[in-house]
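What you are looking at is a predicted structure, and each value in this text was computed from that prediction instead of being measured. Counting begins at 1 with the first residue of the sequence.
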Amino acid sequence: MHRSSIVKFQRQILSQYPRTQMMNRAIKPYDVFINHRSIDTKRNVVALLYDHLSRLNIRPFLDKKNMKPALIMESKKKVIPVFCDIKPSQLHITNKGLCSAEEIQRFNWALEEAKYTVGLTFDSLKGNWSEVVTSASDIVINSLIEMENDKQMQSRKFSMPA
């Protein structure tokens with residue numbers, strides 16, 4: 001997505017909301033939830049993505065507490081995984097006796113879901129940091145546009161006379 005498309009999207013979002021809808025939008029403070037699995041990821045890719053989205057006037061929430069992995073996949077929300085320095089096929093759960101068998105089963109299910117969810121894979125030794133942040137941002141923006149279009153179509157369906 002080109003920079004002009006992003007600016008156009010931002011203007012479109014702001015112009016299409018009447019004042020009351022903008023006030024309601026202000027109540028919902030975040031557009032994107034960013035979760036990460038390690039301290040190293042948080043210090044680099046996640047921080048860059050958070051800053052980049054913020055500069056685009058997209059409100060990201062950064063999970064600082066490392067939400068348990070199954071909860072995100074179970075939420076049935078749109079998930080865009082960014083695999084940093086690991087291939088999806090290399091993902092696995094290491095149980096150090098801290099989790100119940102049920103939790104391990106949930107985590108394994110979530111991991112399998114994440115492995116087969118289209119996302120980005122990034123090798124920090126070979127890759128371009130700017131490129132991965134821009135690609136992730138583009139995916140987020142396209143997803144937000146898609147969700148907004150779906151929402152508008154749903155509201156049109158309900159507002160049409162029978």
Side-chain touch Ile80/Ser143, heavy atoms, less than 4.5 angstrom: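 Counting from C-beta outward, Ile80 and Ser143 do come under 4.5 Å.
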
Are there more than 12 heavy atoms of other residues, nucleotides or ligands under 6.0 Å from atom CD of Gln90?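 Count over threshold, so yes.
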
When you look at CD of Gln105, are more than 12 heavy atoms from neighbouring residues, nucleotides or ligands closer to it than 6.0 Å? no

Sequence-distant partners of Tyr50, ring pair (Phe, Tyr, Trp, His ring centres under 6.0 Å), two or more places apart: none

Quick one: ring pair (Phe, Tyr, Trp, His ring centres under 6.0 Å) partners of Trp109, sequence neighbours excluded?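 Partners of Trp109 under the ring pair (Phe, Tyr, Trp, His ring centres under 6.0 Å) test: none.
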
When you measure from the side chain of Thr134 to the backbone of Glu131, do you find a donor-acceptor pair of N or O atoms at a distance under 3.5 Å?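 No, Thr134 side chain to Glu131 backbone: no donor-acceptor pair under 3.5 Å.
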
Look at the side chain of Asp31 and the backbone N and O of Ile58, then say whether any donor-acceptor pair between them is shorter than 3.5 Å.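 No: the side chain of Asp31 does not pair with the backbone of Ile58.
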
Show the nearest heavy-atom pair for residues [X] and [Y], with the distance to one decimal.
X	Y	value
Glu103	Leu98	OE1-O, 4.5 Å
Cys99	Ile104	CB-CD1, 3.8 Å
Pro60	Tyr30	O-CD2, 3.5 Å
Pro88	Thr121	CD-OG1, 4.0 Å

To the nearest 0.5 Å, what is the distance between [atom1] on [X] and [atom2] on [Y]?
X	Y	atom1	atom2	answer
Lys151	Asn149	NZ	CG	11.0 Å
Ile139	Glu146	CD1	CD	12.0 Å
Gln154	Asp150	CD	CG	7.5 Å
Asn128	Asp123	CG	CG	12.0 Å
Ile141	Ile145	CD1	CD1	7.0 Å
Leu49	Ser135	CG	OG	10.5 Å

For Val82 and Val46: C-alpha separation, side-chain torsions, deciding distance, then whether side-chain contact (heavy atoms from CB on, under 4.5 Å) applies. CA-CA 9 Å; Val82 178; Val46 172; over 6 Å; no

According to the interplanar angle, ranging from 0 to 90°, do the rings of Phe122 and Trp129 count as parallel (below 30°), tilted (30 to 60°) or perpendicular (above 60°)? perpendicular

